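What follows is a short report on a single structure.
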Amino acid sequence: MAEFLNGLKRTHLCAGIGKDTLDKEVTLMGWVQSRRDHGGVIFIDLRDQTGIAQVVFNPDISPESHVLAHSLKDEYVIAITGKVAKRPADSINEKLPTGFYEVMVDTLKILNECKPLPFPIEDSIDAGEATRLKYRYLDLRRGSMRNRLVMRHRLSAAIRSFLNARGFLELETPFLTRSTPEGARDYLVPSRVNPGKFFALPQSPQLFKQLFMIAGFEKYYQIVKCFRDEDLRADRQPEFTQVDMELSFVEAEDVRALTEHLITDIFKEVLDVSLPSPFPVLQFSEAMRRFGTDKPDLRIPWELSDFTELARNVDFKVFRSAAESGGIVKGLNAKGCATFSRKEIDDLLPEIQPYGARGLAWIKMTDQGAQSPILKFLHEGFVEELFKRMGAQSGDLLLFQADQASVANPALNHLRECLWKRLYPLSAEDFRPVWVINFPLLEYNPEEKRHIAMHHPFTSPLTEDIPLLKTDPGKVRAQSYDIVINGYEIGGGSIRNHAMALQEQIFSLLNIKAEEAKNKFGFLLEALSYGAPPHGGIALGFDRLAMIMSGAASIRDVIAFPKTQKAVCLLTDAPSGVAPSQLQDLYLKLIPPRK
RNA sequence: GGGGGCGUAGUUAAGCUGGUUAUAACGCCGGCCUGUCACGCCGGAGGCCGCGAGUUCGAGUCUCGUCGCUCCCGCCA
């Protein structure tokens, strides 16, 4: 039977059992981690927030509690009072920090019982994720999960302390706000008071933090939830946490320097890891050229080589037609992969087909010379240049993609990552940050037949590129920066348009008509016209940061109550249907989903 | 929206080319045990093989559909 405390006070925590408590009477409270019943004496590992202590029920000391202890099972919640004793010399457990001591129990109080568990409360994971999520409160009892959440707390504490010390104010912004075009799909909240109208949950506090700048709060930050109704991934949840920052009177270098300092500090503080300094900086165009991605994993030294220009003059149709039709021809030297069999090489194509790759050309470098089905189509000069640029040596496997850049680049980067990992497992304790800066301001969207903002529509162009806005908008670079660690985009930001005229010009480039801009962003345009200071900022993906720093494979492992890939919560069964009266209150009517 | 993987006892898994009573470990239940800490020993219970169709004399196994979890593409910064 579950009992109440009735005045009983906990005097110590499990981790505190040691030399200082020897011979003292202590009261501990916690969970039964395990029970070892020897018929006579019974041992319990008692677990609380701090650790584990062994408590002993001996019939010679307290027959009543010994009898009661027979009913204890895993995860019962108990309070025990007893005297701390040194363990006999041959019974010391050096694996436990408290292993030299134990508590000889006088009285036992069973505070609550526990049904047989769906999975054991142990550090190593063996239950499936669905089971763990359904019983998340049990999953979180496991030390490995608990440590990640503790680490997450230390991380946010370190961030707050860093920013507070530099004069930043943590200011809140609304969750119920308005839906704006561009960007991700919004989560909508119907307004009962305003029939037919909806709030949107913020994809980020972007506009509000800019308004803070205009309001004269020159350094803002917030550790805040953001919401995006898009499909999930291992590193993407529909609600996630950002470290959102904005500063006035700064340029891109200032924001980067501050962010770099912040990240270096928290890695030192939380993990005692010293990051390389300064972080390397890549132009977006350089990142794409050398790595085929805007978020390169710099733990992998391999780089791509570009042969597009040369490929115009070769007989090999696959190469030439790609080069002539606006595509690219690029190669990857997978050093040491010449040992791959023909089948192993053939099996690489399915790896990159998801990116749209239609083939994979290869040259195997062996002691007997180069082997490849494509060599006969390539003239000697071209081949020599290939080898030279790729640094080809015996033992290497050269891989090529000839396709549109949007296919060839990601395909080669994927090969770069997956082949390297096969040879050398990547260390989760090796952190390689890199800045990727000056992204294109706009990208062309063929479906909508217009340019859309690559970052967001408030990003400022590079001053030197402003003239191109009129002549060649696709070439305009933005004052933007992404911070990437180990192939994960950890954060991104930009300098914003603080001049109304420039912002209006960009809206019009985005084909957002003056009227629409006024309707949807009028409040921002108006605010910009009331003395907006130059400003910019950045938002860091807090969950991803916690994931990388804790070595977790998924963002879900650092979120207490995450959603599954279908965006449902297995614990609460959300989302759920609602009562017709609730819909009526909101003037909503459901229509059946399309088949 | 699309592609891949997985789904068998409470849990984690095995179950070959379709074949008789579906295995194991841990957990659970009962008994024994006064120095264990992965306690040990003896005994026992526990299954809609995700669900639904189909093929077959016969389906955990093959086919199709469907649901769930997961990884990826699209989407998302």
Side-chain angles (χ1 to χ4, degrees), chain A residues 33-46 52-61 66 73-75 85 87-96 98-99 102 104 115-122 124-135 138 182-186 203-204 206 226-238 240 242 294-295 350-357 406-407 410-411 414 418 436 439 443 447 452-456 459 480-484 488-494 538-541 544 553-554 556 563-566 568 570 594:
Chain A
Q33 177 72 37
S34 78
R35 183 178 76 129
R36 296 175 295 279
D37 182 349
H38 287 252
V41 69
I42 297 173
F43 300 97
I44 298 282
D45 282 345
L46 185 66
I52 285 175
Q54 174 164 282
V55 303
V56 186
F57 297 88
N58 189 317
D60 304 335
I61 292 175
H66 179 260
K73 291 168 201 166
D74 283 356
E75 297 302 311
R87 294 203 197 182
D90 57 350
S91 298
I92 287 167
N93 183 355
E94 305 212 13
K95 284 184 228 160
L96 274 186
T98 59
E102 60 194 2
M104 310 304 292
K115 291 202 292 186
L117 297 161
F119 52 82
I121 311 293
E122 287 167 357
S124 63
I125 299 168
D126 56 354
E129 197 158 1
T131 316
R132 290 172 52 206
L133 289 177
K134 181 173 177 194
Y135 300 96
L138 297 179
E182 313 287 310
R185 192 175 294 110
D186 285 322
Q203 298 175 27
S204 85
Q206 181 59 37
C226 302
F227 306 87
R228 291 175 191 167
D229 187 4
E230 298 290 350
D231 287 346
L232 289 77
R233 287 284 191 283
D235 63 350
R236 273 164 35 187
Q237 283 274 303
F240 60 100
Q242 280 193 347
D294 59 1
K295 38 178 200 254
E351 285 278 345
I352 54 174
Q353 274 169 334
Y355 301 92
S406 59
V407 171
H414 178 78
C418 79
V436 179
F439 282 62
E443 61 188 334
E447 279 168 33
I452 57 171
M454 199 156 176
H455 185 56
H456 55 56
T459 301
S480 67
Y481 32 83
D482 275 9
I483 178 69
V484 173
Y488 287 99
E489 185 204 325
I490 284 306
S494 62
I538 194 166
L540 304 178
R544 283 185 190 169
S554 154
R556 297 185 298 278
K563 310 276 187 289
T564 69
Q565 193 163 42
K566 288 284 286 293
V568 306
L570 292 179
R594 265 176 299 165

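Proteins get letters first, then strands, A, B, ... in listed order; numbering begins at 1 in each. Please read all numbers here as calculations on a predicted model, not as lab measurements.
Rounding to the nearest 0.5 Å places CZ of Arg556(A) at 9.0 Å from CZ of Arg132(A).
Gly183(A) comes within 4.0 angstrom of sugar-phosphate atoms only, judged by non-hydrogen atoms across all strands, and of no base. Using a 4.0 Å heavy-atom distance criterion, Asp60(A) is classed as a base contact. Glu351(A) comes within 4.0 angstrom of nothing in the nucleic acid, heavy atoms only. Among the atoms of the strands shown, none is found under 4.0 Å from any heavy atom of Val436(A). Residue Ile92(A) is classed as a base contact, given a heavy-atom separation below 4.0 Å to a base. Using a 4.0 Å heavy-atom criterion, one finds that Leu570(A) contacts the sugar-phosphate atoms exclusively. Looking at heavy-atom distances under 4.0 Å, Arg228(A) makes contact with sugar-phosphate atoms alone, never a base. Ser91(A) comes within contact range of at least one nucleobase, with a heavy-atom separation under 4.0 Å.
For Asp231(A), whose side chain is taken as the heavy atoms from C-beta onward, the closest listed nucleotide among G1(B), U34(B), C37(B) is G1(B). Closest approach to the Asp294(A) side chain among C69(B), A77(B), C71(B) is made by A77(B) (side chain taken as heavy atoms from C-beta onward). For Glu489(A), the side-chain atoms get nearest to A77(B) when compared with the rest of G35(B), C39(B), A77(B). Comparing C71(B), G35(B), C37(B) against the side chain of Glu102(A) picks out G35(B) as the nearest. Nearest nucleotide to the side chain of Ala184(A), out of C72(B), U36(B), C76(B): C76(B). With A77(B), U36(B), U70(B) as the choices, the nucleotide that has an atom nearest any side-chain atom of Thr564(A) turns out to be U70(B).
Within the shown strands, G68(B) is the pairing partner of C6(B) under the Watson-Crick or G-U definition, both distances less than 3.5 Å. Across all strands shown, U34(B) has no partner, as no Watson-Crick or G-U wobble contact with both distances under 3.5 Å is found. In this entry U11(B) has A25(B) as its Watson-Crick or G-U wobble partner, both defining distances falling under 3.5 Å. Using the Watson-Crick or G-U wobble rule with both distances under 3.5 Å, U63(B) pairs with A53(B). Within the shown strands, nothing qualifies as a pairing partner of C75(B) under the Watson-Crick or G-U definition with both distances less than 3.5 Å.
With hydrogens and angles disregarded, a donor-acceptor distance shorter than 3.5 Å links the side chain of Thr98(A) to the backbone of Ile52(A).
Using P as the reference atom, G35(B) and C41(B) are 16 Å apart when rounded to the nearest Å. Spacing of C1' atoms, G10(B) relative to G3(B), comes out at 34 Å, to the nearest Å. The gap from the C1' atom of U23(B) to that of G2(B) amounts to 38 Å, rounded to the nearest Å. Taking atom C1' in both A59(B) and C16(B), the straight-line distance is 16 Å, to the nearest Å. Rounded to whole Å, the C1' atom of A38(B) lies 10 Å from the corresponding atom of C26(B). The separation of A77(B) from G4(B), taken at their C1' atoms, amounts to 26 Å, rounded to a whole angstrom. Going from the C1' atom of C49(B) to that of U8(B) covers 4 Å, rounded to whole Å. Here, G27(B) and A9(B) have their C1' atoms 11 Å apart, quoted to the whole Å.
Rounded to an integer number of Å, the gap from Gln242(A) CD to A77(B) P is 10 Å. One can place NE2 of His456(A) at 15 Å from P of C76(B), the figure rounded to the nearest angstrom. Rounded to an integer number of Å, the gap from Asp90(A) CG to C37(B) P is 12 Å. What separates CG of Asp74(A) from C1' of C29(B) is a distance of 14 Å, to the nearest Å. Put simply, CD on Gln203(A) is 16 Å from P on C75(B), counting in whole angstrom units. In this structure, the CG atom of Asp186(A) is 15 Å from the C1' atom of A77(B), given to the nearest Å.
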Revision key, fill the gap. In 5'-to-3' order, the base (B), backbone-only (S) or no-contact (-) status of each nucleotide in nucleotides 5-15 of chain B, using a 4.0 angstrom heavy-atom cut-off, is -----SSS---

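Looking at which nucleotide of RNA chain B each of Phe439(A) and Gln54(A) is closest to, the 5′-most match is held by Gln54(A).
The pair Arg236(A)-Asp231(A) does not count as a salt bridge, with every side-chain nitrogen at least 4.0 angstrom from each carboxylate oxygen.
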**Study point:** Residue pair Glu182(A), His456(A): steps toward the side-chain hydrogen bond (donor to acceptor under 3.5 Å, both in side chains) verdict
**Key:** CA-CA 8 Å; Glu182(A) 313 287 310; His456(A) 55 56; over 6 Å; no

Check your understanding: What's the verdict on ring-ring contact (aromatic ring centres under 6.0 Å, His included) for Phe439(A) and His455(A), showing C-alpha distance, side-chain angles and the deciding distance?
Key -> CA-CA 8 Å; Phe439(A) 282 62; His455(A) 185 56; 8.0 Å; no

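Taking the six-membered ring where the residue is Trp, Phe43(A) and His38(A) present perpendicular rings, their angle passing 60° and hence far from 30°.
The side chain of Arg556(A) places an N or O atom within less than 4.0 Å of a non-bridging phosphate oxygen (OP1 or OP2) of C71(B).
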